[in-house]
Structures are given as structure tokens and as C-alpha cells.
2 protein chains.
Amino acid sequence: MKDVAARAGVGLKTVSRVVNGEAGVSPDTERRVQESITALGFRRNDSARILRKGRTASIGLVLEDLADPFYAPLSRAVEEVARAHGALLINGSSAEDPAREQELVLALCARRVDGLVIVPASGDHRYLEPEIAAGVATVFVDRPPGHIEADQVLADSFAGARDGVAHLIAHGHRRIGFIGDRPGIHTAHERQRGYLAAMEAAQLPVHDGWVAAGTTDPERVRADAERMLSGPDGVTAFFAGNNRVTVTLVRVLAELDRPVALVGFDDFELADLLVPPVTVVAQDPAQLGRTAAGLLFRRLEGANDPPRRMTHPTRLIARGSGELPPAT
Amino acid sequence: MKDVAARAGVGLKTVSRVVNGEAGVSPDTERRVQESITALGFRRNDSARILRKGRTASIGLVLEDLADPFYAPLSRAVEEVARAHGALLINGSSAEDPAREQELVLALCARRVDGLVIVPASGDHRYLEPEIAAGVATVFVDRPPGHIEADQVLADSFAGARDGVAHLIAHGHRRIGFIGDRPGIHTAHERQRGYLAAMEAAQLPVHDGWVAAGTTDPERVRADAERMLSGPDGVTAFFAGNNRVTVTLVRVLAELDRPVALVGFDDFELADLLVPPVTVVAQDPAQLGRTAAGLLFRRLEGANDPPRRMTHPTRLIARGSGELPPAT
DNA sequence: ACCAGTCTGGACAACGTTGTCAAGTAGCGC
DNA sequence: GCGCTACTTGACAACGTTGTCCAGACTGGT
């Protein structure tokens, strides 16, 4: 910028004015400055600008895995909202590791992002208190924060799972297995609660072995499913706690010689083309992302009402696999 | 930092030393400084640090759509490599719009990212010349840059498509349709070339109507496919130019009363569970991302040999849909 | 007691930008 | 010609950090 000013024979501030399109520069001067800018290939250094202005026009997004088909649309939606507000998106995957989440979040804060959208991997976010106090707007999405108050955007996991299981019960199933993620994860816990609530509402007993909530590792899921299916009292239907479990179960069930009903939490591409087409409890990840980012920018624009929790309903999409009757 | 120094009763530079773990601070002083840091909730301002040091420890990734199942793993792979080098990832989606690509790239350059990984949407990257001259390492992935020399990491679209079509021919097909993306996109063009090369190698004529290369819009693809299938000389097999086309074709073919063979470029989740399972020419997007990011950091570490093009082979995965014989 | 060498700590400038403020110039009505 | 306003312009400080350089205190050997 100094060079541009020197070449155009004007002051530093005048160049700054031209670069930022501020008023109060004569057309003649402006032309000279523009000429110098292109001649020297000058591009404003936003690091310095950020330092001076205190706003970075960038927001951070921390989620579990950028490549997960559930989170990718969420990420894209946040990006679109950010773009509409002239902000860039810095994102990182926590890989479901609390330490890595914290490391990422603090790195983003050190970069002075204006705001954060977080899909929590950890259960304790008190480490964020000083940052929030320092003015970093923060919105949690998909799962609530731990031990702090903050905006949060969630899907109604409990009701979704309850309705999904009730759907199976309505189609005649009495012995239904639940396979989900670690109950330490809020959504996983809620879905398991939903499963239990539906069973209880129908006055159905829940056998100990019918609930598996550990990992989503395909091998483990497969083993759990096969265990639940075995014996004369094996389950006749499954409720899957998330899309990864659902996909694994589809594979397991495809190898059986009898039909077993399946309802999965989370919709996924091609679910309608499988045989049978998979019935799911769908949430809209892009919608979650849009809402969260919207909330974030509302804060950045000055809204300071108390933190709110927004819950999005889920939608049951019956496609076939959830309507299979129990095999005798 | 000033406050921390005041509270600990030391100089500014001493705090800086403690924060950066530099040597030359007595344990006693260090303790006092640490205490002040936590008491005041101080966090280093990386904007200022960046301004001073000239390195941002962040890289930019611009691709077509973060949420596309093909690009999401690529993005994740780049992130992992960046993380291993202590860098953050800023990314944006170009939505296949050259203007938006340029806008994003220049915004990233203004932020002084150390390097760029780009999946080009535009065919002309001369706008990057001043940036590259200024030292921004740049690697193009999936598609080559336009009108400039730079590192590039590509999959072998031509050979992949040629082999995929040859596979169909080997299974007895003579009338094969090709549906792909705009030939303005390098990969799309290469795949179309591969299709034509395979047909020519087998001395098979290519009817005008058998090649549709416009959009990947499902409605258009459906219409094109139905046109190619109609009449006594309709095609008996399709080669799909990318995963979106493949998925649309799966839907179209599922509605037919006769089997039509299909080989698609790009693998996708659940391809093996469809009926029939879909034969694909697979490339590994994560591998592309890893290689590109690796190349980028090699440059950042000082390598300055001439730009290189790395081509990754594709792999044909026969699953069933590509081995169907021609319907009579 | 003195010197050389080592260790610790701080003053200061610089990174590239923008906000503040004041100075300079031109135009205008009287 | 005078005083006024309106407009254009530039000098300077500041944002928060780090690199350079120097000063002072301490150590141990003579």
C-alpha cells in the first residue's frame, strides 16, 4: 500500500480510501491510484485490516467429520449463510475427540473468528466461558453444550425415535432391537430414551439384550444385530440410532433369509432405491445448519436476549422396510 | 498482553517469551506470568501474530460443493494433512461458478493463506498469477488449471472411462450411451474422449444421439436416457460420466421392464446394495486430497522444482450392473 | 576486588491497515 | 477582497504481536 501511494504520488490514507471505496476522493486521483494498484498487483492485506478493525468476517465451524454425509450438508448450509453475510468459513473436524475439539475451538478463537458453530464432541464447554465473555458468539448445533448456557439448535431426537419405534409397533412388532451410539452423546441418549418410551407406552417389555449402545463400528453392530436376531425370541425389527448403524443393518439384513423390519434415524441418499426401501426418521441437516448460522449472525448483529434452544421436528418417511410385518 | 505484563510486573517481551515457550525466562518469572495469563484469561491474538510473522498457518480449499459426496472426503483429507502441519483450513464452495471461484480465491489470498488447494470451476486462472508470484503455493486437484502452470493432481479420467466402456463392450454391448457433464469441464471432456476411444477401438459406430453432455440435472438426464433407450436401435447399456448421473440412471433403469447395463464413473456409498449392484470406475477422492495437500506442503517447505502433474489411476469395480448382457 | 561470561529482562521498531483530525484548496455570495 | 462552506488530502497514532538489541544482574575464577 505504501508502494502504491508512492507510485501514485498520494498519501497512504488516500489509497486506503480508494481500496475501500470510501467517498471523498476526486475522480482524477482515484484513477491514478487504481492505475498504480493494478500496475503493482496490490491486494489489501486482510490480516492487518483485521488487526485494526477487530472483526475478522470469518466464523468457525467445528463438527465431528466433514465427510460424514449427515454433516456435509450442514457445513454447506452454514457456509451459504456466512457467504450471504460476507464471512468466510474456517472449519475443522473434531473426530469425536473432546481434546481435539477444544484444541480446534481455541485455535479458532485465537484467530479471532467472530463466531463459532459447534457440534460438540465433549460434554464440558466451560473452557469456552472466557471466549464467550470476550464476545465470541457461539451456537451449538445437533447436540447441546455441557455446563454452559448458549444458543443451541437441535433436532427432536426423543420424539423422532419414539415415533419411529411406535411405527414399528403399529405394524405388529413386539420384539424390537435398538442399536445406537454411545449414550454419552446427547442425541444417542435421547434416541434410546425415545425407544424405551415407545416400548413402555405400548406396554412392551424390553429384554436386556435388545439394546446395544456402544459404538457404530460395523463389526460390533453386525455382531450385536446377529445376537439379537438369534434364538426363538429374536427381535423381528430394528430401530437404528443413526445413519451409519442403519447402513450396516441394511447389509446384515440383506443376508438373511427372512424379512426383518428396519427404521433408521437420519435419512440418506438412495435409501429409496434399496430393497426394501428404507423407512427413516428424517432430520434436515441443512436446515439445522441454516438455523444455527442464522442465530449466530443475529447475535453478531447485536441481539443479546437470553440463549435459546430451538428444536426442529423430525419427519417419518415410510418407504417399506418399516412396514414389513413380523416374520412368524 | 500489555495487561498481563503489567499485572505480572514484567516487560511485554517477557510475556511473549512465556507464551511462545521461548528460552531465557527464569522459572520464577514464568510462574508469575502464567498466573497472570490465566487470571486475565489472556489468549494470544493470532491476527497480530500473523501480521508480524507473515505466515498464517492456514490454507484455503476451494471446491465445487462441500456437501458433494465426492468432494467431502477430499476436503476431509486435505484437512487432516493441514492439521498434521499445524495449519487450519478455510474452505468455500464455488458452486461451479467461475466468478464465485475467483471471488473466493482472492478473498483467501487477501487473508494471506499460505497455500491454496483448488478444484477449478473456471477455465482461466491467470488472475492467480500475481498471487503465485507473491508466494502463495497453489495446487489444483481433480481438474487442471487454465492458462497457467501449477501443480496438479488428477485422476485418469480418460483411461478410466475407456476401460469402463471397454468392459461393457466385452460383455457384448454394441449400442452404448454416454451421459456426462458439460465438456467444458476437463474431467467430463476426458471421460467423453475415453468413451469415444473405446468405441473406436472396438470399431463400433457411435450414433449422434448416444452422447449427451450437457447438465447433470436429473430431469435432463432422465429425458436423455429415455430418448436413447427408445426405438428398435435403442442403447443396451450406459456409461455415466459421474456419480450424480449414475444415481439418476439407476432410478431411470429401475423403472424399466428390461435389464439395461450400467457402468458409472465414481464410486458411491451403497452402490453394492442396489439391485443390481452398480459397477463403477472408482477413484479415491481422499487420496486425491492427500496427494494435493502433500504437494502443497512440500512447496511451503521450500521445494521449488517445476510444477508437476500427478495422475492417479482409476479402478474398475465389477458388481453386476456392468456385466448384464444386452437385452435382445 | 575485579573481570569475563552467562543469564534474564525490557525498550523499541516494525508488520499493513484504518480512524481521527487538521490543513489545504476551491467555489460562492456579499 | 473577505469570510464562509464544502470538499479533498495527508500526517499520525493505534491495533497486538515479535525480532533486535542492549542493559543490568549474577556467576565463578583469578
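All chains are named by letter (A, B, ...) in the order of the sequence lines, taking the proteins before the strands, and each is independently numbered beginning at 1.
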Query raised in the report: Does A:R17 make a side-chain donor-acceptor contact with the base of D:dG10, cut-off 3.5 Å?
Result: yes
Query raised in the report: Hey, does the side chain of B:R49 come within less than 4.0 Å of D:dT18's phosphate (OP1/OP2), counting only N and O?
Result: yes
Query raised in the report: Between B:S16 and D:dT18, does any side-chain N or O lie under 4.0 Å from OP1 or OP2?
Result: yes
Query raised in the report: Closest nucleotide of DNA chain C for A:N20 versus for B:G24: which of these residues is on the 5' side?
Result: B:G24
Query raised in the report: For B:K53 and D:dG19, is the shortest distance between a side-chain N/O and OP1 or OP2 below 4.0 Å?
Result: yes
Query raised in the report: Looking only at side-chain N and O atoms, does B:S47 come under 4.0 Å of OP1 or OP2 in D:dC15?
Result: no
Query raised in the report: With a 4.0 Å cut-off, would you call A:E149 and A:R126 a salt bridge?
Result: no
Query raised in the report: Phosphate oxygens OP1/OP2 of C:dG10: is one of them under 4.0 Å from a side-chain N or O of B:T14?
Result: yes
Query raised in the report: Heavy atoms under 4.0 Å, any strand shown: does A:T29 hit a base, just sugar-phosphate, or nothing?
Result: sugar-phosphate
Report task. Please work out if B:V25 contacts a base, only the sugar-phosphate, or nothing of the nucleic acid, heavy-atom cut-off 4.0 Å. Result -> sugar-phosphate
Requested in this report: Return the nearest nucleotide to the side chain of A:L51; candidates are D:dG19, D:dC15, C:dT17.
Outcome: D:dC15
**Report entry** Salt bridge present between A:E80 and A:R76 (N-O < 4.0 angstrom)
**Finding:** yes
Query raised in the report: Is A:R44 touching bases, backbone alone, or none of the nucleic acid, heavy atoms closer than 4.0 Å?
Result: sugar-phosphate
Query raised in the report: Is a salt bridge present between A:D151 and A:R308, judged by a nitrogen-to-oxygen distance below 4.0 Å?
Result: no
Query raised in the report: Hey, is B:D305 close enough to B:R299 for a salt bridge, meaning N to O under 4.0 Å?
Result: yes
